[in-house]
Amino acid sequence: MTDDYEHYEAVVVGAGPGGAAAAATLARNGIETLVLERGVDAGSKNVSGGLLYAEESSPYTIDELFPGFRDEASDREVTEHYIHNVAGRDVKTFDLGDLHHHDTEWADSVLRRKMDSWLAREVHEMTRETGGGLLTEVRVNGLLREGAEIVGVTCDELDPIRADVIIAADGVNSELARDAGLMDWEEPEEWFQGVKAVVDMPEGAIEDRFNVDEDEGVAHLFSGDLFRNVRGGGFLYTNDQSLSIGTVFHLDSIADERAEPQQLLDNLLTHPLLADWLGDEYDELEYSAKLVPDSKKVAHPSPYRDRLLLVGDAAGQMQAQGPIIKGMNHAVTAGALAAEAFVDARSRGDTSAAGERYVAKLENEGVMDKLRPTRYKTLGKLGEVGPVASAMNAVTDSALGRAAISALGDRAESLFNSPFLMGMLPDTRMGYVTVPTVIAEELGAPVEGVNTIEPPELDDRIGDLTYDIDEGNPHIELRDNSFAASGTAVTACPVSAKDFGGGCYRDEYVGTNGSEEHVVSLDTQPCVECGTCAVVADTDWTHPRGGKGVEYEQG
């Protein structure tokens, strides 16, 4: 009987920035709020590229919700922003200051373990005063229903819990969104995959090597031919005493090109352009990976069902439009708006209206137009139509296209600084590979540095991670182990590789009744829980039980 279960006015699932913003807003309005976090500590399951923005046009920012945030939980304010167009050793750099400062009050580099654990402590104190609190190592595995209506959540570690509202901030692999029928796994072109290394820096090295003061930081982006034909690019952000260096690519492109994520990252780490920044001693603190949704295609226009409201990655609210990469700030805004919608509905005596109010707030505050720009829907998608995309790419790489780029010269920098143009950029090879490569070849100059670093091998990267293995309870099962159905996981998984036998996935030939079958095998022990295989392979995928699996120290 569901009436026998424990009841809270609000249950928030996930203690990242979206969940924390929702919980803080609920608590400030006196709502009895319980927060459930899967990791041993908030942030131990989370990875981000690393920049958190405070937008001038946003109704909520993280430092407004949590005074003291920037002093206690973020790393370094990023004051300079560049993009490097690369063709071999030739590089042409553009200053992205105008794009970076557009609608930006501030932007800080962050590491998720440090940030999320600080937010969780703040949230626990705030929600305890409402009669709730924050519990870690609890995996919410589904929705509690009464008839067809969603009335609560079910957990691995606790009895089911009833709630008047459930705010799901459980990330890109949201089991609640899937349970409610609000998310599917089927389309690789709707996702990006990010892989990141956090690199230790000696004291004072960031200031010396990047020519910044202690309270300043730099963001560098990279595109062109150093990632072969894979659509996407790289990034480098300065933290307090480390660098976040990573790559973000369209998952369908990684799958189509049979690219290996860790190799793409190494292509960036070993490029001569990074030699002076990395120095001669390379100390990689952590290797990590995650999927992010492409909000242009999947930001849910109606992210609710019954009492369930989705925020952040669970609702597809990750904005990646060329060099515009913003996710955590949208999660914060959405979390606070979802809570505000419930407070409004409750004050009017009709909590069932919270979902509709949340959708209206996302629209009225302009959040949805940032995530799914109208100009992309009307013009940008046209550039992704096969013949159009091929023609645009061919013209760019032709003598005519090269002459046009040469004639533009440094004036091309202004095009990269246009939020309007970046918001309608088609997701094709032209924007990520061809244009940057041609710019570098026509306008760039060779880099003189010599990069001598040797990134760790994949087995060392896996071996340096912390795991709490859930023996006997694998969270992934292959439904079809044929190479045709699941072989892409062998190369697309960030902790597997074609010629590496110690990762999650490997392929092998098995003799059966006189014939030989090409199959895929799985070992979940080194899994980093990104969910890539759930999209590109035929698997049954869930999160590990609370606290189990990988535990990130940096994030």
Could you tell me if the side chain of [Y] sits less than 4.5 Å from the side chain of [X], heavy atoms only?
X	Y	result
Phe249	Phe227	yes
Phe500	Ile462	yes
Asp213	Glu207	no
Ile254	Val230	yes
Asp427	His250	yes
Pro455	Leu265	no
Lys45	Arg112	no
Val528	Ser288	no

Does [X] come within less than 4.0 Å of [Y], counting only side-chain N to carboxylate O?
X	Y	value
Lys326	Glu55	yes
Arg38	Glu529	yes
Glu340	Lys361	yes

Discussion item. Could you work out, with ring pair (Phe, Tyr, Trp, His ring centres under 6.0 Å) as the rule, every residue matching Trp277, not counting sequence neighbours?
Written reply: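 Here the qualifying residues are His84, Phe210, His220.
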Worksheet item: Can you name the residues that form a ring pair (Phe, Tyr, Trp, His ring centres under 6.0 Å) with Tyr358, not counting sequence neighbours?
Response: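 Per chain and number, Tyr358 pairs via ring pair (Phe, Tyr, Trp, His ring centres under 6.0 Å) with no residue.
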Discussion item. My understanding is that only one of Asp108, Asp75, Asp215 makes a salt bridge (charged side-chain N to carboxylate O under 4.0 Å, His left out) with Arg70; could you say which?
Written reply: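 Of all the options given, the one that passes is Asp108.
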Discussion item. Just verifying a value: how many Å separate Asp116 CG and Asn46 CG, rounded to the nearest 0.5 Å?
Written reply: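 Going from the CG atom of Asp116 to the CG atom of Asn46 covers 5.0 Å.
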Worksheet item: Got a second to check how far Cys530's SG is from Asn173's CG, nearest 0.5 Å?
Response: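 These two atoms lie 7.5 Å from each other.
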Worksheet entry | Donor + acceptor pair across side chains of Ser242, Asn239 (<3.5 Å) |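 A donor-acceptor contact under 3.5 Å links the two side chains.
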Discussion item. Which heavy atom of Val198 sits nearest to which heavy atom of Ser244, and what is that distance?
Written reply: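 What the structure gives for the nearest pair is CG2-OG, 4.4 Å.
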Worksheet item: Where do Thr79 and Glu216 come nearest, in terms of heavy atoms and distance?
Response: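 Minimum heavy-atom separation between Thr79 and Glu216: OG1-CB, 3.6 Å.
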Worksheet item: When the ring centroid of His271 is compared with that of Phe222, is the distance short of 6.0 Å?
Response: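 No, the ring of His271 stays outside the 6.0 Å limit from the ring of Phe222, centre to centre.
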Worksheet entry | Result of checking Gln193, Arg461, Gln262 against Pro494 for side chain to side chain contact (heavy atoms under 4.5 Å, CB included) |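 Of the listed residues Gln193, Arg461, Gln262, the side chain to side chain contact (heavy atoms under 4.5 Å, CB included) partner of Pro494 is Gln193.
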For residues 547-555, dump all side-chain donor-acceptor pairs below 3.5 Å to protein atoms at least two apart in sequence or in another chain.
{"residue": "Glu551", "atom": "OE2", "partner": "Arg113", "partner atom": "NH1", "Å": "3.3"}
{"residue": "Glu551", "atom": "OE2", "partner": "Arg113", "partner atom": "NH2", "Å": "3.3"}

